[in-house]
Amino acid sequence: SAASDVYKRQVFSRLFPLALAGVYTISANLAYLAPLLNGNLLNAVAFPLYSRMLENQDSLEEPVRKSKLILLSVAGLITAGLASCGSTFIHLAYDSRYEMAAVYLPILAAGYWFVVVENIYSAALLSKGRANWIAAINATKVIMFCLLIIPAMKVGGILGAVVATSLADASRLVVAIFGARIIGLRNRGPELLYTAYWIIVAGAAHLVGQYLGNSLGIHLAWVLLLQVMMVTLLFLPALFYALRIVRRSLHGESSGNGR
């Protein structure tokens, strides 16, 4: 992911003037926090759990379902926060030369939400030794980016190119879903539910920020604080529910081993 992000920034720096590419880089750096933190969480939670299941010759379906709840809750909190609060942060931290970064950041954060979902399946595929699917997922992203970037740029300039970048990121999930079906992972309910909830939370927090800042004239620092609190409070129940499900499962396993 890091290498592909560097590649995208190099493409933007060649296609657009340095000032425009610099504004994109600011938003891309902030948006990249989502997959970076999610990758650390995958390494800490998903990979050890999947490996243990495979050592015991158990099915991956149940551990993926349970870990998915935690990963989606945390990722939803981060990406929805970036999508809804990011524009307020940009306006607060930067001057008017960088105001378009406030437009790019929600678009990039939305694309990274789908990357986060894809990473859950990629971890499962990798634990099953299906490295060829990981290669296919990454190749799909590069191909889609190359196919979309020029037409999008001609239609919408750098904004169109940013949209193309997010669509290329989202395209990885399509391939990951096919790969997941092959290894027996067919339950799409949680990510569909979380995606709908993500749209509602991010959209609501963004509208609240617009109303407080533009209509009521509240200082942006207070607006940002209220938006962060709103997104956090709305995602905390989902996170607590996920933790309770996993804790209950672990307690059941411990009781079963005790018997």
Side-chain angles (χ1 to χ4, degrees), residues 1-39 75-76 78-91 94 97-122 133-179 188 191-192 194-196 198-199 202-203 206:
S1 293
S4 63
D5 269 64
V6 171
Y7 170 75
K8 285 186 289 188
R9 291 168 199 171
Q10 290 176 342
V11 170
F12 270 75
S13 66
R14 290 182 178 275
L15 292 177
F16 300 101
L18 186 60
L20 293 179
V23 174
Y24 163 79
T25 299
I26 290 172
S27 56
N29 286 339
L30 289 171
Y32 186 63
L33 289 173
L36 180 64
L37 294 174
N38 181 71
I78 296 169
T79 54
L82 288 169
S84 59
C85 311
S87 59
T88 305
F89 173 78
I90 293 293
H91 289 304
Y94 297 92
R97 293 174 298 172
Y98 303 96
E99 64 181 8
M100 282 304 295
V103 178
Y104 305 153
L105 182 52
I107 298 171
L108 294 172
Y112 277 135
W113 164 252
F114 293 101
V115 172
V116 164
V117 178
E118 171 264 313
N119 283 341
I120 296 172
Y121 292 119
S122 290
W133 277 98
I134 307 302
I137 290 168
N138 292 327
T140 299
K141 174 184 175 178
V142 173
I143 292 170
M144 289 299 295
F145 180 74
C146 293
L147 289 175
L148 292 173
I149 187 69
I150 299 300
M153 183 185 69
K154 289 181 177 179
V155 172
I158 190 169
L159 179 59
V162 172
V163 173
T165 298
S166 283
L167 290 175
D169 284 332
S171 69
R172 298 166 48 161
L173 179 58
V174 177
V175 182
I177 287 174
F178 279 107
R188 308 282 174 262
E191 53 263 44
L192 292 174
Y194 272 85
T195 299
W198 186 96
I199 293 171
H206 176 74

Chemist: Check whether any side-chain heavy atom of Thr140 sits under 4.5 Å from a side-chain heavy atom of Val174, and report yes or no.
Modeler: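 They are not in contact (no side-chain heavy atoms under 4.5 Å apart), so the answer is no.
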
Chemist: State, to 0.1 Å, how close Leu108 and Ala31 come at their nearest heavy-atom pair, and which atoms those are.
Modeler: CB-CB, 3.7 Å

Chemist: Mind checking whether Glu118 and Val115 have side chains closer than 4.5 Å, heavy atoms only?
Modeler: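 They are in side-chain contact.
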
Chemist: Just how far is it from atom OH of Tyr32 to atom CG of Leu37, taken to the nearest 0.5 Å?
Modeler: 10.0 Å

Chemist: With rounding to the nearest 0.5 Å, note down the distance linking CG in Leu159 to CG in Leu20.
Modeler: 11.5 Å

Chemist: Could you tell me which non-hydrogen atom of Leu82 sits nearest to which non-hydrogen atom of Ala109, and how far apart they are?
Modeler: CB-CB, 4.0 Å

Chemist: Looking at Ala21, is its backbone amide N or carbonyl O close enough to the side chain of Ser13 to form a donor-acceptor pair, meaning the two atoms are under 3.5 Å apart?
Modeler: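 No; zero donor-acceptor contacts below 3.5 Å.
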
Chemist: Kindly state each residue pair satisfying salt bridge (charged side-chain N to carboxylate O under 4.0 Å, His left out) with at least one member in residues 14-34, sequence neighbours excluded.
Modeler: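 For residues 14-34: none.
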
Chemist: Determine whether Tyr121 and Ile137 make a side-chain contact, defined as any pair of heavy atoms from C-beta on separated by less than 4.5 Å.
Modeler: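 Not touching, per the 4.5 Å side-chain cut-off.
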
Chemist: What is the distance from atom CD1 of Ile150 to atom CG of Leu15, rounded to the nearest 0.5 Å?
Modeler: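 Rounded to the nearest 0.5 Å, the CD1-CG separation comes out at 5.0 Å.
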
Chemist: Less than 4.5 Å apart, any side-chain heavy atom of Phe12 and any of Thr165?
Modeler: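 In short, these two side chains touch, coming nearer than 4.5 Å.
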
Chemist: Would Leu30 and Ile90 count as a side-chain contact (heavy atoms from CB on, under 4.5 Å) if you check the C-alpha gap in whole Å, the side-chain angles of each, and the deciding distance to 0.1 Å?
Modeler: CA-CA 10 Å; Leu30 289 171; Ile90 293 293; 3.7 Å; yes

Chemist: Looking at CG of Leu148 and CD1 of Ile143, how far apart are the two atoms once the value is rounded to the nearest 0.5 Å?
Modeler: 11.5 Å

Chemist: Among Tyr112, Trp113, Trp198, exactly one meets side chain to side chain donor-acceptor pair (under 3.5 Å) together with Thr79. Which residue is that?
Modeler: Trp198

Chemist: Angle class for the Tyr24/Tyr104 ring planes (parallel below 30°, perpendicular above 60°, tilted otherwise)?
Modeler: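 Answer is tilted, since the angle falls between 30° and 60°.
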
Chemist: Going by heavy atoms in the side chains, are Asp169 and Phe114 under 4.5 Å from each other?
Modeler: no

Chemist: Backbone N or O of Asn119 within a donor-acceptor pair of the Ser122 side chain at under 3.5 Å?
Modeler: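 Not a single qualifying donor-acceptor pair exists.
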
Chemist: Taking all non-hydrogen atoms of both residues, which atom of Glu191 and which atom of Val117 are closest, and how far apart?
Modeler: CB-CG1, 3.9 Å

Chemist: What pairs with Leu33 under side-chain contact (heavy atoms from CB on, under 4.5 Å), at least two apart in sequence or on another chain?
Modeler: none

Chemist: Return the minimal non-hydrogen interatomic distance between His91 and Ala102, and the atom names on each side.
Modeler: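 So the two residues come closest at NE2-CB, 3.7 Å.
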
Chemist: Please list, chain by chain and in numerical order, all residues satisfying side-chain hydrogen bond (donor to acceptor under 3.5 Å, both in side chains) with Thr88, sequence neighbours excluded.
Modeler: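 Partners of Thr88 under the side-chain hydrogen bond (donor to acceptor under 3.5 Å, both in side chains) test: Gln227.
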
Chemist: Check step by step if side-chain contact (heavy atoms from CB on, under 4.5 Å) holds for Val11 and Phe145.
Modeler: CA-CA 10 Å; Val11 170; Phe145 180 74; 4.0 Å; yes

Chemist: Minimum heavy-atom separation for Gly160 and Ala152, please, with both atom names.
Modeler: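 Minimum heavy-atom separation between Gly160 and Ala152: O-CB, 3.2 Å.
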
Chemist: For Ile78 and Ala34, work out which heavy atoms get closest and say how close.
Modeler: CG2-CA, 3.8 Å

